[in-house]
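Read through the structure below, which is laid out as structure tokens, and then see the notes.
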Amino acid sequence: MLSNCGNMTVHSLSTKGKIMAFKIPSSLANFKTFIMSSKKNPQMKENVQVEEVLMTLKQYLQKHHFVRAGQMLITREERLFALTQDKIPSSKSLVEEEEDSEENLKKDYEDLHEKIWSTIKNSLDVQTKEEIESLNEAVLTIQQEEVQDQRWEGFEEKERPPWRPRHCKRIHDSLLKNIVEQRLKAAQPDSNCTLKSSVQRDIISKGKQLKNDLLQVATNVKICYPEQKICQWYASLYHQAFSVHLKEIADFGLSDIDCLHVLQWVNTHYPRILRHEQLTGLIEYEQLEALLPDEMLMPLEEQFLDFIKNKMLTLCQTFLSTEENAVPELKDECYSSTLAIDVIQCIHGVLESAEEVLGTRSKIMKVTDKVKEFLEIYHCYLVKVTEDHQNAEAVLKANLHCIRQFRDYIIKNADVMADCEDLLTRMKNTCLGYFTKPIHKDLKAKYSKVGTQEWLKNNEHVCTKLLEGVNGHIQKLKNLDNSCPTCTKEILSQLHKEVLVEYVKKIMKKKIKLGDENKQLQAAEALCSNGQKIHTLFTEAGSDMEDLKDILPKLAELLTLKDPHCIELQLVSLYTVYSDFSESHVSAWLHLKGNLSNSDIRNIKKTFSELRVLERTESTPKSFHMDPFYSCGDFFSKVLLK
């Protein structure tokens, strides 16, 4: 393998201050011939170039000219090994005996390496041009040594010099690792730091040291390693050392504040350091392993989530306590409350903080457990207000606006708070129920005539009486001190839905049976007419439940169909629009068509059930209204049948 290395130019420094440059032949055999011929043929001296030496080896080391010093020693070791390999006699005319001894060569290499490693140890403190040049000389010399090591790769031990390989690169890498570990270990907290926690002061001091050292590498050290990714190498060393330290901290029980601090460093502060603008393109953060393994990180995340959830709930309950003791005030013609704003700001702040601390939005969903818990507490408070509160009307109107604000915020953050929507709907219904329940109680007698023989014979009169009663309450709501038009609109919309629910419920009470087609047609016409009048009354008053206008006409169409197969299709079509239309509603409505056989009814119900399951798996129920608070998607779930 040595023959493949080619001829090598070496420079010999004699004790008389001369450098002799000559070509070493490509093989040891040729080198022996070369040496013997030079003894016998003085004319070969003409091939040896001799020039004056300006500095000795010691002087090169003093001047930090490590590359030249290293070249001298490589020349000497090549010559020494060649002369001793085959017991070639030494020639003092070519080289001095004392200079060529292995012991002297070893001592000179030790002096060189001592200078090199001393320079490397100071890498992270170099500032001046001279210091940077010395570091560059040390790096180049290490590379030079590595090349010389590689020259002897593949040789048996007896075939190579006993001092090769020297493994300077391995020593260099190990030295840098020790330097990094020692610098982090020795990092001291800033005297101006006011933090009481020793954990936080310790992490901050090491993080600051890490940042400053990496910026030093990017500024002054990198130029000494032009062909190496030295910044990435240093980053990996600091990453490993910092990771070890954080693991030691995480192994012990941490307070909630210290736990938060550790997570902030793992997910926010530390990545921000490695992505510093001066390190852009020099450090690939994504290639580094996680600072903490999952088995250590997850318990910290759970502790942090519990801490921040409980803190959030406590703050929200404090806001609610303030609300309970406050008297609602009119603002812009509406009763107002700051509860929703205060709570939403608190929740939003917690979610943003949790996302930043945990490094991802996917992990913050657990925080909303406490949001739901707070809303349940809030709901209980509203229920108590409806039962006994001297300012119930004003309080509920103010909180209707709060519920609207909560709903808008939760819809915008549905990815983490979807479970709260149904609860907010119940809260809204609780508030609205305070205003609508007395109305339904007053209208009970008028509801009772719907769906009876009297309604079938004289539906115009029955409907008129019902609407007159409804209209009287509508006027009372609209004239109620002219406050909160937004709340009045919500109450009217809710009353609109509830009146229609009561109407359909009475029709499905099975008080009548339409045994012939004429009665079925008469009932269908009554449904369409009554439906139009109810809808007109409420929408003109201010109801926003526009989608309710189609419910009675769609039900009426079922009464006019004769073919059981067409009835099946219409029922399925109804289900695609109203996903809560159930088998019990089908049974009640089919009861009205008295001319259907029991067999037809069974087949229709069976087909509906099968197609309903199929429809449910293949499609999504229609979204009724862009505003979910004014949706009729839950209409039939309100039509409760015994």
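Exactly one residue among Leu424, Val371, Ile411 makes a side-chain contact (heavy atoms from CB on, under 4.5 Å) with Phe406. That residue is Leu424.
Proximity of Gln405 to Ile410: side-chain heavy atoms (C-beta onward) are nowhere separated by under 4.5 Å. Between Asp550 and Tyr578, some side-chain heavy-atom pair lies under the 4.5 Å cut-off. The shortest side-chain heavy-atom distance between Asp516 and Gln520 does not fall under the 4.5 Å cut-off. In this structure, Asp600 and Leu590 have side chains that are not in contact, with every pair of non-hydrogen atoms separated by 4.5 Å or more. Residues Gln317 and Ile377 form a side-chain contact, since some pair of their non-hydrogen atoms from C-beta on lies under 4.5 Å apart. Contact check for Asn391 versus Val385: no side-chain heavy atoms found under the 4.5 Å cut-off. Residues Leu291 and Trp265 have side chains not in contact (no heavy-atom distance under 4.5 Å, counting atoms from C-beta outward). Two residues are said to be in side-chain contact when any heavy atoms from C-beta on lie closer than 4.5 Å; Phe538 and Met545 fail this criterion.
Between Val586 and Lys605, the closest heavy-atom pair is CG1-CG, 4.1 Å. The two residues Lys593 and Leu558 make their nearest non-hydrogen contact at CD-O, 3.5 Å. Among all heavy-atom pairs drawn from Cys259 and Leu300, the shortest one is SG-O, 3.1 Å. Annotation for Ala524 and Thr560: closest pair CB-CG2, 3.7 Å, computed over non-hydrogen atoms. Between Glu421 and Arg407 the shortest heavy-atom distance is OE1-NH2, 3.7 Å. Considering every non-hydrogen atom in both Ser582 and Ser584, the closest pair reads OG-OG, 2.9 Å.
Side-chain atoms of Glu356 and Asn267 form no donor-acceptor pair, as typed in the model, at a separation below 3.5 Å. In this structure, a donor-acceptor pair under 3.5 Å is absent between the side chains of Ser448 and Lys506. Ser597 and Ser599 share no donor-acceptor pair across their side chains, judged by distance under 3.5 Å alone. Between the side chains of Tyr409 and His348, a donor-acceptor pair is found at a separation under 3.5 Å. Side chain to side chain, Asp258 and Ser197 meet the donor-acceptor criterion of an N or O pair below 3.5 Å.
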Residues Lys366, Glu302; criterion salt bridge (Lys or Arg N to Asp or Glu O under 4.0 Å); working and verdict: CA-CA 9 Å; Lys366 294 181 180 180; Glu302 291 294 333; 2.6 Å; yes
Stepwise side-chain contact (heavy atoms from CB on, under 4.5 Å) test for Leu514 and Leu456: CA-CA 10 Å; Leu514 309 174; Leu456 187 61; 3.8 Å; yes
Salt bridge (Lys or Arg N to Asp or Glu O under 4.0 Å) assessment of Glu373 paired with Lys370: CA-CA 5 Å; Glu373 184 176 339; Lys370 294 298 181 181; 3.2 Å; yes
Stepwise side-chain contact (heavy atoms from CB on, under 4.5 Å) check, Leu320 with Phe374: CA-CA 9 Å; Leu320 182 57; Phe374 165 73; 4.0 Å; yes
Side chain to side chain donor-acceptor pair (under 3.5 Å) between Gln532 and Thr536, worked out: CA-CA 6 Å; Gln532 182 59 50; Thr536 299; 3.1 Å; yes
Worked check of side-chain contact (heavy atoms from CB on, under 4.5 Å) between His261 and Val199: CA-CA 9 Å; His261 194 74; Val199 169; 5.5 Å; no
Stepwise side-chain contact (heavy atoms from CB on, under 4.5 Å) check, Lys465 with Glu468: CA-CA 5 Å; Lys465 289 296 182 181; Glu468 285 176 354; 3.8 Å; yes
Audit row: His585, Trp589, side chain to side chain donor-acceptor pair (under 3.5 Å) steps and yes/no: CA-CA 6 Å; His585 296 125; Trp589 207 253; over 6 Å; no
Test log, rule side chain to side chain donor-acceptor pair (under 3.5 Å), inputs Asn413 and Arg361: CA-CA 11 Å; Asn413 296 272; Arg361 189 172 179 83; 3.1 Å; yes
Verdict with supporting geometry, Glu323 and Ser337, side chain to side chain donor-acceptor pair (under 3.5 Å): CA-CA 8 Å; Glu323 169 71 13; Ser337 167; 2.6 Å; yes
Chi angles and distances behind the ring-ring contact (aromatic ring centres under 6.0 Å, His included) call for Phe581, Phe636: CA-CA 6 Å; Phe581 191 73; Phe636 283 98; 4.8 Å; yes
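Ion pairing between a basic and an acidic side chain is recognised when a charged N comes within 4.0 Å of a carboxylate O; Glu387 and Lys384 show no such pairing. With salt bridges taken as basic N to acidic carboxylate O contacts below 4.0 Å, one links Lys549 and Glu546. Residues Asp634 and Lys497 are paired through a salt bridge, judged by an N-O separation under 4.0 Å between the basic side chain and the carboxylate. The pair Glu517-Lys562 counts as a salt bridge, with a side-chain nitrogen and a carboxylate oxygen less than 4.0 angstrom apart. Between Arg275 and Glu286, at least one side-chain nitrogen of the basic residue sits less than 4.0 Å from a carboxylate oxygen of the acidic one, meeting the salt-bridge criterion.
Atom CD of residue Glu355 and atom CD1 of residue Ile364 lie 5.0 Å apart, to the nearest 0.5 angstrom. Distance check: His591 NE2 to Lys510 NZ gives 6.0 Å after rounding to the nearest 0.5 Å.
Between the Lys513 side chain and the Gly594 main chain, no donor and acceptor come within less than 3.5 Å of each other. Without hydrogens or angle criteria, Lys554 side chain to Leu571 main chain gives no donor-acceptor distance under 3.5 Å. In this structure, the side chain of Ser529 does not engage the main chain of Ala526 through any donor-acceptor pair within 3.5 Å. Between the side chain of Thr368 and the main chain of Met365, a donor-acceptor pair closer than 3.5 Å is present. A donor-acceptor contact shorter than 3.5 Å is absent between the side chain of Ser353 and the backbone of Gly349. Remark: the backbone N or O of Tyr434 is not paired with any side-chain donor or acceptor of Glu393 at under 3.5 angstrom.
Listed by chain and number, the residues in a side-chain hydrogen bond (donor to acceptor under 3.5 Å, both in side chains) with Thr436 are Glu498 (sequence neighbours excluded).
Taking the six-membered ring where the residue is Trp, His535 and His496 present tilted rings, their angle falling between 30° and 60°. Ring-plane geometry between Tyr270 and Phe242 is classed as parallel, the angle between the planes falling under 30 degrees on a 0 to 90 degree scale with a further cut at 60.
Applying the salt bridge (Lys or Arg N to Asp or Glu O under 4.0 Å) test to pairs two or more places apart or on separate chains, those with a residue in residues 567-592 are Glu583-Arg612.
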